[in-house]
Amino acid sequence: MSDKTQMLKGILEGCILSIISKHEVYGYELSEKLKNSGFFEISEGSIYPLLSRMQKEGYIEGTFKDSPDGPKRKYYHVTEKGFQTLETFKQSWNELQTNVNNILTKGGK
Amino acid sequence: MLKTKELHQLTVNRTKELTIENKEYYMSMSSYIRTSNVSPKESEELLLEILDHLLLAQKEGKSAEDVFGKQPQLYCDELIENTSPFPFIKKLIFYSSLWILSFCLILFTTLTEHPQHVFLVDALESFLLFIGFLFIQWWIHKISFMWKANTRLLFTLCIGTIGLACLWLTFQHLQHSSIQVVLFVFPVWIKLVFSFTCLITGIVLYKGLMTGWKR
């Protein structure tokens, strides 16, 4: 797998954690939210392998509940470990953003 | 907390809402994932979750290919990469019950045909039948993304029936030492019908084992 895809996956995981930390969501809702935030290129199905990985790592947990429109759906919430990971992600993202901006605007001085 | 069987039932019920194309795509995925080394509860949870997504996407006019991509096998491999494998103890219980099932099927044929049958031969025969069930599981996994669901089922049934019939004929040949006697005493078509019935019973019980006992 290329480094670019790996980096994107990491960023996407951070975004997913952030969305779920605000309130519980189910898969389809999550993919809609990502799309509405501008992640058009990510195919809908690709969130499930990520969700499954994040569950295995213990960042999120999923439970089947009755949804308002009827069928049972799997709703995700962030765990304690997930909140910590989200904080770390926010810090590294801010650092990365500052560093990249520094280079782009001041040419790395 | 939903049990594996309940999850499976929900999936079965909701699959009916899929369009023909989407159903074909989804059935291939479910056959592949169910025959993979994944804890049954996790595989049923995954299948229900992606089915729910597919149904919602379908309402907006999207196809399964739009949602999961053009390489379903690759996608499924990614999906199951992070799931926990089938726990060893449950695997042991599952395969032992499968072997007992094979043994019961063989005992049944013994009692109906010749009660003087040697017990050791029964054990050996049921072991081969057990290997046959494993082969069918492997075969279903391998052909998940080939042909249409009905063709896959037909192929599997044909292979299973012929396999079982061969197994029985071979063992009867060993006992009677002459194939003519076997063919004369036990006509081939009876063997085929009987094998087919046994296979169907086996598959139904096997499905029950897959969804009900493996928790």
Side-chain angles (χ1 to χ4, degrees), chain A residues 1-2 4-6 8-10 12-13 16-17 19-20 24-36 39-77 79 81-82 85, chain B residues 1-4 6-18 22 25-26 29 33 36 38-39 41-85:
Chain A
M1 196 175 284
S2 74
K4 193 187 165 194
T5 343
Q6 278 296 13
L8 244 174
K9 266 193 179 174
L12 199 58
E13 269 190 28
I16 292 177
L17 264 181
I19 293 175
I20 305 178
E24 285 194 334
V25 284
Y26 58 93
Y28 192 79
E29 199 182 357
L30 180 67
S31 79
E32 289 292 293
K33 280 186 194 284
L34 284 171
K35 226 183 274 174
N36 293 339
F39 283 104
F40 301 111
E41 286 172 26
I42 290 147
S43 75
E44 288 179 24
S46 62
I47 59 165
Y48 292 101
L50 286 177
L51 285 172
S52 155
R53 203 188 84 83
M54 287 160 76
Q55 269 191 112
K56 196 186 179 190
E57 295 290 336
Y59 302 154
I60 53 171
E61 273 168 7
T63 29
F64 277 91
K65 288 181 189 171
D66 288 318
S67 61
D69 51 326
K72 281 206 187 304
R73 294 217 162 99
K74 195 174 186 183
Y75 285 87
Y76 290 97
H77 63 266
T79 60
K81 194 179 173 190
T85 315
Chain B
M1 206 56 142
L2 285 171
K3 288 178 182 165
T4 314
E6 291 168 319
L7 287 166
H8 179 77
Q9 200 49 50
L10 282 172
T11 312
V12 171
N13 292 343
R14 299 200 67 202
T15 310
K16 292 171 192 153
E17 297 168 36
L18 289 169
N22 287 347
Y25 191 106
Y26 179 77
M29 284 171 99
I33 291 177
S36 301
V38 182
S39 123
K41 183 150 191 330
E42 280 186 45
S43 69
E44 289 305 320
E45 280 187 6
L46 259 181
L47 285 170
L48 183 59
E49 193 178 21
I50 58 173
L51 174 64
D52 184 55
H53 190 116
L54 183 56
L55 284 168
L56 288 167
Q58 183 177 282
K59 276 186 194 156
E60 291 182 13
K62 288 179 225 162
S63 71
E65 208 177 284
D66 296 334
V67 179
F68 305 114
K70 285 182 180 164
Q71 290 170 301
Q73 188 169 351
L74 215 68
Y75 179 72
C76 287
D77 286 335
E78 268 185 55
L79 262 184
I80 54 183
E81 197 185 309
N82 292 302
T83 49
S84 33

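Given the structure is predicted, the values throughout are model-derived calculations rather than measurements. We name chains A, B, ... by the order of the sequence lines, and we start the count at 1 in each one. Hydrogens, waters and symmetry mates are skipped; everything else that's a heavy atom, side chains included, is used.
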Closest contact, heavy atoms only, B:Ala57 versus A:Glu44: CB-OE1, 4.2 Å
Heavy-atom pair with the smallest gap, counting every atom of A:Gly45 and B:Phe68: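 Between these two residues, the closest heavy atoms are CA-CD2, 4.0 Å.
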Euclidean distance, A:Ser46 OG relative to B:Glu78 CD, rounded to 0.5 Å: 8.0 Å
Point-to-point distance, once rounded to the nearest 0.5 Å, from CD of B:Glu49 to CD1 of A:Ile47: 7.5 Å
When B:Leu55, B:Asp52, B:Thr83, B:Ile50 are compared by non-hydrogen pairs under 4.5 Å with chain A, the top option: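 When all of B:Leu55, B:Asp52, B:Thr83, B:Ile50 are compared, B:Asp52 has the most.
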Top contributor to chain A contacts, counting heavy-atom pairs under 4.5 Å, from B:Leu54, B:Val67, B:Ile80: B:Val67
Contacting moiety of [X], where chain A heavy atoms sit under 4.5 Å:
| X | result |
| --- | --- |
| B:Leu48 | side chain |
| B:Glu45 | both |
| B:Glu60 | side chain |
| B:Leu56 | both |

Salt bridge present between A:Lys72 and B:Glu6 (N-O < 4.0 angstrom):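 Salt bridge absent between A:Lys72 and B:Glu6.
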Non-hydrogen side-chain atoms of B:Leu10 and A:Phe64 separated by less than 4.5 Å: no
Which portion of A:Ser31 sits near chain B, non-hydrogen atoms under 4.5 angstrom: side chain
Heavy atoms from other residues, nucleotides or ligands near CD of B:Gln71 exceed 12 (cutoff 6.0 Å):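 Open: at most 12 neighbouring heavy atoms sit under 6.0 Å from CD of B:Gln71.
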